[in-house]
Trainee: 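This structure is in structure tokens; I'll ask about it shortly.
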Amino acid sequence: MTSPPSGPPVPRRSLTRRLLATLAAGALALGVALPASAAVAATTPSPSPTASPAVLAAAPGANGVLRAGEPLSVVVSLTAGSTGQASSPVTLSIGASPFGDDASLDRWLNGDPTGVTVQQIATGTVDAAASGAQATTTLSVPPTDPALSGRGAGVYPVLVTAPEAGLSTPSVVVVPADGGSQTPVAVVVPITVAPMTRGLLTANELAELTAVDGALSAQLDSVDGTAATLAVDPAIPAAIRVLGSAAPPTAVAWLQRLLALPNDRFALQFGDADIAAQLRAGLSAPLAPTSLQNYMSATDFTQPAPAVSAVSTPDPSASSTPGLPTYPSLTTLLDIGTAAPNVYWPVTGSAGAETVAALGALGTGDDPTHVLVASTSVSGGGRQAAAASGGVSTPVYDAEVSRALATAAGQNDATRRGASLAAAQGYLAIARSTAGDQPLLAVLDRGTDRSRVSLRATLGLLAGAPGFTGTTLRTIAALPASEVSLDAPSVDDARVADVNDLLGDEQTIDSFATILDQPELLTGRERAEVLQVMSASWTGDAARQAVADHRAATRTTLDSVGILSSDFRLVSSSAPLRPWVRNDLPWPVTVVLAVRTNDARLRVQERTTVDAQASANTRMEVPVEARIANGEVSVDFQLYSPTGVPIGSPQSVDVEVRAEWENIGLVVIIALVVGFLSLGVVRTVARRRRVRAEEAAASDPDADTPTDGIGVKDPDADGRSPAEDADDPTEPVDDEQETRP
């Protein structure tokens, strides 16, 4: 690395033509325009679809601030592509004229050198690097260099090139103005997690996110000690509180720390749901959670525990009977600490006049509405932070500064992060020069790939930016507002259609949930999941897939209760039908089984109420009455909720009726019994008559022993032998005959 010697100025050839040639050559090799990002380094063309290009990045020291009497130091890194990178010379150049506005700064950082003249001020060499490796060097220029001395305040272009590698990357340095009043600057930082389709984070996820190296811990570390206004997703503290005594200790400590921070704050929508999309879908107000009871377990709230009392206060109206759970209220679950009410932060570019008016109607005289809008949504691109539209407070955040800050916060590579911070410094300086003494508002837009170092460095840039002093959103919103006009918002029709589909599914779930004794167990879960799927962080194809996955899960829920049955055979007029009720839900349900048949051979009980057990199949009995007939009868089954909502799909089964078998069998048996009884009765009556007749004849002496010898009774007159008479038990026995030898 070398720098020009001190002393008389050395004539330097303008590098404008060289820059144009280098950029043109790179664009020609790539066949496309250069990357449109200030913080993204220029790259070489990829030799094949699978090869990765080399990347050149440059980060001016001190976050791009070049004060009088200080040297200019630029860190240059060259990341080798898939084929490796040989040792390469690099040059540092600086422009003579500052940028006058955002547009010219945008063009430069996006690779358009039109109207920019730079001169070389330092050279150096980047060592060779193997594939994927990074080599770094630092180019320095002493403060006595004529190219640095005597510069006025402004934002100046800086260019680093690697001619042999065919690479170049633009950047900027800011020469701050001395003296003058300080410009108040406020920044809004979201406290959020990656988008998801579940209603709340699980205990394992919370333990990971709130660990020392977790993403949520990094967010609190970055804002601790700053004046940043926090935009907190209330679903995060709710996820901790619903666990009660089972909450991970790191999560409890994280929540206690959040509540103890002195930073101003406001609550985002639950799950950071897209506000504008909901209002365009026809809602008069953004949705809010209705119940989180489904996520709470009685065992975690039965006894007071440090994890519960430390982060929540039980609902005063809840039961305090020993042994019974005491649940916190929904308001307690969603509490984020002392927060400003009625503050809304729509997705950048989505808030138009209609959205602002609809949200403004939700405010009150004591707590008016404040809607954060981007400067790109204001007609003419106004930067005034204290603004109003249609009488509704609309604090305007600088879109360019915010974009640069978000880019820097998402960079984990130190050199590329430094390049992004320098770009953000440039936008801040231009904003201050155009806003005068008016305050400036910036946001660190939604993002989930931010490291602790990147977040802290980004917020540190704002805290140390020359000419700025920290303030809060609350302070800016309380200032007299300038009336602004908002441009038509960008509308994602597919997103609005998705929201309509989700709202329709939710109404279906609300009706379906009437089978539960506590419908909020299901409706509360559905609302929480719908809000998570509407998250502002879901974009593009990922958003479409999230909606599709949730709608598929909704269909599974609606199909979780149904009928299990097969064909029946009836051989008795009073045998019941015995289908099953399938319940895959984790809660017991009450349903009504409606049975219908159009055949007169079968009479059924039309409605039967069933209490089906949770996660089980419950058998039920449907009384039927079969007429004397023979054949097959079709029977239709349909489940309904107690309020008459159809549940599951209808089913039709065939019932084979053989009810006459029982009747015919009974008739035959009765006939046989009657026949046998009748025959026995006839024989008994006949025998008794004969016995009586014989007894009457034996008791009449005149009839048995005539005096004239005529009519003497012949012992064999009845035609039977003496032996037969002896065997007949009805005949009287002659004692004398029995004793006669």
Side-chain angles (χ1 to χ4, degrees), residues 38-39 63-65 101-102 105-106 109 155 172 174 176 182-192 219 222-223 226-231 263-266 268 340 343-349 351 370-378 381-387 393-411 417 420-447 450 454-477 479 484 536:
N63 290 333
V65 176
D101 52 30
D102 285 335
L105 179 57
D106 284 341
L109 293 175
V155 181
V172 294
V174 175
Q182 298 286 299
T183 300
V185 59
V187 61
V188 177
V189 179
I191 306 297
T192 58
Q219 292 176 21
S222 66
V223 300
T226 71
T229 298
L230 310 183
N263 300 65
D264 283 355
R265 65 196 66 189
F266 65 90
L268 294 169
V343 179
Y344 300 94
W345 183 10
V347 175
T348 299
H370 303 284
V371 183
L372 275 65
V373 299
S375 58
T376 50
S377 295
V378 178
R383 266 195 165 105
Q384 53 273 44
S393 173
T394 55
V396 176
Y397 57 89
D398 191 295
E400 297 294 346
V401 172
S402 299
R403 178 174 53 82
L405 292 174
T407 301
Q411 291 287 0
R417 179 172 59 247
S420 297
L421 291 174
Q425 195 79 256
Y427 285 111
L428 278 171
I430 291 179
R432 181 169 182 254
S433 65
T434 57
D437 58 352
Q438 294 297 314
L440 181 69
L441 176 63
V443 300
L444 193 60
D445 218 338
R446 285 91 168 175
R450 298 165 178 169
S454 297
L455 283 169
R456 193 71 182 177
T458 302
L459 294 180
L461 169 75
L462 289 172
F468 287 95
T469 182
T471 188
T472 64
L473 173 64
R474 184 192 299 269
T475 301
I476 291 177
L479 296 174
V484 296

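Quick caveat: nothing in here was measured; it's all calculated off a predicted structure.
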Trainee: Atom OG1 of T183 and atom CG of L440: how far apart are they, to the nearest 0.5 Å?
Mentor: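 Those atoms lie 8.0 Å apart.
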Trainee: List the atom of V443, the atom of L372, and the distance in Å for their closest heavy-atom pair.
Mentor: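 Result for this residue pair: CG1-CD2, 4.3 Å.
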Trainee: Roughly how far, to the nearest 0.5 Å, is CZ of F468 from CZ of R432?
Mentor: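 CZ of F468 is found 6.5 Å from CZ of R432.
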Trainee: Looking at L405 and L462, what are the two nearest heavy atoms and their distance?
Mentor: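 Closest approach of L405 to L462, heavy atoms only: CD1-CD1, 3.9 Å.
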Trainee: Taking side-chain hydrogen bond (donor to acceptor under 3.5 Å, both in side chains) as the definition, give me every residue that meets it alongside R450, ordered by chain and number, with sequence neighbours left out.
Mentor: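 With sequence neighbours excluded, R450 shows a side-chain hydrogen bond (donor to acceptor under 3.5 Å, both in side chains) to no residue whatsoever.
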Trainee: Between Y397 and T348, does any side-chain donor sit less than 3.5 Å from a side-chain acceptor?
Mentor: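 Y397 vs T348: donor-acceptor pair found between side chains.
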Trainee: Between R417 and S454, does any side-chain donor sit less than 3.5 Å from a side-chain acceptor?
Mentor: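 Result is yes, a qualifying pair exists.
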Trainee: Restricting to side-chain hydrogen bond (donor to acceptor under 3.5 Å, both in side chains), what partner residues turn up for D398, sequence neighbours left out?
Mentor: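 In terms of side-chain hydrogen bond (donor to acceptor under 3.5 Å, both in side chains), with neighbours along the sequence ignored, D398 is linked to R383.
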Trainee: Does any donor atom in the side chain of D101 or T434 lie under 3.5 Å from an acceptor atom in the other side chain?
Mentor: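 T434 and D101 do not have a side-chain donor-acceptor pair below 3.5 Å.
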Trainee: Show your reasoning for whether side chain to side chain contact (heavy atoms under 4.5 Å, CB included) applies to D106 and E400.
Mentor: CA-CA 9 Å; D106 284 341; E400 297 294 346; 3.4 Å; yes
Trainee: Rounded to the nearest 0.5 Å, how far does CG of L268 lie from OG1 of T192?
Mentor: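 If I round to the nearest 0.5 Å, the distance is 7.5 Å.
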Trainee: Drop me the distance from T229's OG1 to D264's CG, to the nearest 0.5 angstrom.
Mentor: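 Nearest 0.5 Å value for the OG1-CG distance: 5.0 Å.
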Trainee: Using 0.5 Å steps for rounding, measure from the CG atom of L455 to the CD atom of Q219.
Mentor: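 It is 6.5 Å, given to the nearest 0.5 Å.
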Trainee: Give the minimum heavy-atom separation between A422 and V172, together with the two atoms involved.
Mentor: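 Shortest heavy-atom separation between A422 and V172 comes out as O-CG2, 3.4 Å.
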